[in-house]
There are 2 protein chains.
Amino acid sequence: MTNDNHDEGGSRRRSDGEQTHAQILDAAMRLASIEGLGSLTIGRLARELGVSKSGVFAHFRSKQRLQEETLRAAEEVFQREVLLPGLDAPEGLARLESLCKAYLSYVERGVFPGGCFLAQVLAEFDAQTGPIHDAVASGHKTWLGLMEEQVITAQGLNELDPALDPRQFAFELWAPLELANYLATLHRDPTITDWGRTAVQAAIARALPRT
Amino acid sequence: MTNDNHDEGGSRRRSDGEQTHAQILDAAMRLASIEGLGSLTIGRLARELGVSKSGVFAHFRSKQRLQEETLRAAEEVFQREVLLPGLDAPEGLARLESLCKAYLSYVERGVFPGGCFLAQVLAEFDAQTGPIHDAVASGHKTWLGLMEEQVITAQGLNELDPALDPRQFAFELWAPLELANYLATLHRDPTITDWGRTAVQAAIARALPRT
DNA sequence: GACAAGATAGCACGATTGTCCTATCTATAG
DNA sequence: CTATAGATAGGACAATCGTGCTATCTTGTC
């Protein structure tokens, strides 16, 4: 094979199209992180990129799919910017701390101009129904599960109090990350993430094994 | 004076109009808590209430003002459902716990169908600009300030460790409330607020004075 | 009761929305 | 090279948006 396109369905993708597709998703993520996935607009996206409405529409064939692909793309960014760096650290407490640090750094660096994309869609779709809500719910379940897993591992390594409820403690670590993201964005002050860092450390400090 | 209308600007308000006005805001809060203040629509509200678009529009004269008044109305609900019950308890640690309990109860009871309205608009407008963003920012500053104040009072009463940074600790109490709200709504499981309750208690437990 | 003013309906407007249909261009497989 | 199919533009569509204008009803003041 001379190119590495996915080539699913027996149809060939053209490289120029693939590139435009990526550019659209990039702009869509930027816009949606600020104004929400719901107020994404095909016409707006087209104007932003200097192409025609049809040029955008043809890539997704419905607004629904545009939203779904945008969410999916954002999840990949999250994976690359938070999960991957976090997974560098050895399993257990170190990785738990590493994940929290990676999240706060990702907020601080302004990877998305409107703060954490997944926090944005969490609030936007938590009370709605449909595929986006379901995707958000499952994504957040995975994220919580990942934290929970590391808590259990840390308990096995005697790095954390074995009496802790893993899910509960994962929740307690996650909470300050989320709020730090919202407040840093709200007040346009990236240093607010320090509150999150301090909170995470405090939560961990009281969860160490009672020697 | 024979009626208690506000009567501002020298014009008299009619009671039927005032009632409709309130009904509109009520529906607007319900809708916006689910789908966001930004996707509030005058036509949609009109259909929902069985009145004409003009009938709704005339009450606000712009969409901007509809959004502002809806936010304001929601803040009043928040005051009535959270702040007022919370303020029953005596100042200090008791009031701090009372406020947290009141918030979680308000989430649990589903006062808004889409979860806490202020958490919704926080996420929606944190990265935007304009009067709504500013109102949200100042509202949340007030809420954090209120918690902070009670932390300081509690420290004065020797109910909490005087070494605590009040703002930081207020943040740490607020965080699990906020996340509990989002997750309870996302998973349609009001009992998730128990995670918030447990987290608040844990945070307080480690903040007691080191006798 | 009369009268002033608020409440509401109806209609029209330009703009924008999502979606479809039909051309024209261009990258690529053979 | 040619042939094919994807990429994109352009235009049209019905629906909905926010916002005005005008007319009719209803409430409250004198």
Side-chain angles (χ1 to χ4, degrees), chain A residues 1-28 31-32 35-70 128 130-132, chain B residues 1-28 31-32 35-70 128 130-132:
Chain A
M1 151 10 153
T2 58
N3 86 22
D4 59 354
N5 284 351
H6 306 320
D7 202 359
E8 38 190 340
S11 56
R12 39 190 157 140
R13 299 270 156 81
R14 267 167 51 177
S15 60
D16 55 349
E18 201 127 22
Q19 185 181 341
T20 305
H21 194 96
Q23 285 176 347
I24 295 173
L25 286 180
D26 213 66
L31 267 178
E35 307 185 0
L37 210 40
S39 48
L40 257 192
T41 258
I42 293 177
R44 174 95 173 275
L45 234 30
R47 209 175 315 123
E48 200 96 8
L49 294 169
V51 299
S52 72
K53 239 175 29 156
S54 320
V56 173
F57 181 79
H59 281 276
F60 305 96
R61 295 191 307 279
S62 84
K63 184 181 179 175
Q64 175 99 229
R65 296 219 356 173
L66 166 63
Q67 292 178 320
E68 289 170 358
E69 287 201 38
T70 302
Q128 305 195 220
I132 304 271
Chain B
M1 59 161 93
T2 58
N3 86 22
D4 59 353
N5 284 350
H6 306 319
D7 202 357
E8 38 190 342
S11 56
R12 37 191 159 141
R13 298 270 155 81
R14 266 167 51 178
S15 60
D16 55 348
E18 202 126 24
Q19 185 181 340
T20 306
H21 194 96
Q23 285 176 345
I24 295 173
L25 286 180
D26 213 66
L31 268 178
E35 307 184 359
L37 208 41
S39 48
L40 257 192
T41 258
I42 294 178
R44 174 93 172 277
L45 275 175
R47 209 176 316 124
E48 199 96 6
L49 294 169
V51 299
S52 72
K53 243 181 16 162
S54 319
V56 173
F57 182 79
H59 281 275
F60 305 95
R61 293 191 309 279
S62 85
K63 185 181 180 177
Q64 176 97 230
R65 295 217 359 171
L66 166 64
Q67 291 178 321
E68 289 169 358
E69 286 201 39
T70 303
Q128 305 194 221
I132 305 270

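Proteins come first, then strands; the chains are lettered A, B, ... in the order of their sequence lines, and each starts at number 1.
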Requested in this report: Select from B:Arg44 and B:Asp16 the residue whose nearest nucleotide in DNA chain D is closer to the 5' end of that strand.
Outcome: B:Arg44
Requested in this report: Kindly write out the residues that satisfy side-chain contact (heavy atoms from CB on, under 4.5 Å) with B:Thr20, not counting sequence neighbours, or none if the list is empty.
Outcome: B:Ile24, B:His59
Requested in this report: Please list, chain by chain and in numerical order, all residues satisfying side-chain hydrogen bond (donor to acceptor under 3.5 Å, both in side chains) with B:Gln67, sequence neighbours excluded.
Outcome: none
Report summary line: Sorted by chain and number, sequence neighbours left out, salt bridge (charged side-chain N to carboxylate O under 4.0 Å, His left out) with B:Arg47 holds for none
**Report entry** By ring pair (Phe, Tyr, Trp, His ring centres under 6.0 Å) - contacts of A:Phe60 (at least two apart)
**Finding:** A:His21
**Report entry** Protein-nucleotide distance (B:Arg14, atom CZ; D:dC25, atom P), rounded to Å
**Finding:** 13 Å
Report task. Please round to 10 degrees the angle between the axis of the first five pairs and the axis of the last five pairs in the helix from C:dG14-D:dC17 to C:dG30-D:dC1. Result -> 20°
Query - Atom-to-atom span, CD of A:Glu18 to C1' of C:dT26 - whole angstrom - result: 16 Å
Query raised in the report: Roughly how many Å is it from CD1 in A:Ile42 to C1' in C:dC20, rounded to a whole number?
Result: 12 Å
Query raised in the report: Between C:dT19, C:dT8, D:dG6, which one does the side chain of B:Thr20 approach most closely?
Result: C:dT8
Query raised in the report: Of all residues at least two apart in sequence or in a different chain, which pass the salt bridge (charged side-chain N to carboxylate O under 4.0 Å, His left out) check with A:Asp26?
Result: none
**Report entry** Qualifying salt bridge (Lys or Arg N to Asp or Glu O under 4.0 Å) pairs, either residue in residues 49-68 of chain B, two or more places apart
**Finding:** B:Arg65-B:Glu69
Report summary line: Exactly one candidate in B:Leu40, B:Leu37, B:Thr70 meets side-chain contact (heavy atoms from CB on, under 4.5 Å) with B:Leu31; the answer is B:Leu40
Requested in this report: Can you sort out the partners of A:Thr41 under side-chain contact (heavy atoms from CB on, under 4.5 Å), two or more places apart, ordered by chain and number?
Outcome: A:Arg44
**Report entry** Between P of D:dA7 and NE2 of A:His21, the distance in whole Å
**Finding:** 10 Å
Query - Sub-4.0 Å heavy-atom contacts from residues 57-70 of chain A onto DNA chain D, ordered by number - result: A:Ala58, A:His59
**Report entry** Whole-Å gap separating C1' (C:dA7) and CD1 (B:Ile24)
**Finding:** 10 Å
**Report entry** Separation between OG of B:Ser62 and CD1 of B:Ile42, rounded to the nearest 0.5 Å
**Finding:** 7.5 Å
**Report entry** Nucleotide nearest A:Arg47 when distance is taken to its side chain, options C:dT17, C:dA27, D:dG28
**Finding:** C:dT17
Enumerate all atom pairs, one protein N or O and one N or O from nucleotides 9-11 of chain D, separated by less than 3.5 Å.
{"unit_1": "D:dA9", "atom_1": "OP2", "unit_2": "A:Ser52", "atom_2": "N", "d": "2.6"}
{"unit_1": "D:dA9", "atom_1": "OP2", "unit_2": "A:Ser52", "atom_2": "OG", "d": "2.6"}
{"unit_1": "D:dA9", "atom_1": "O5'", "unit_2": "A:Ser52", "atom_2": "OG", "d": "3.4"}
{"unit_1": "D:dG10", "atom_1": "N7", "unit_2": "A:Ser54", "atom_2": "OG", "d": "2.8"}
{"unit_1": "D:dG10", "atom_1": "O6", "unit_2": "A:Ser54", "atom_2": "OG", "d": "2.5"}

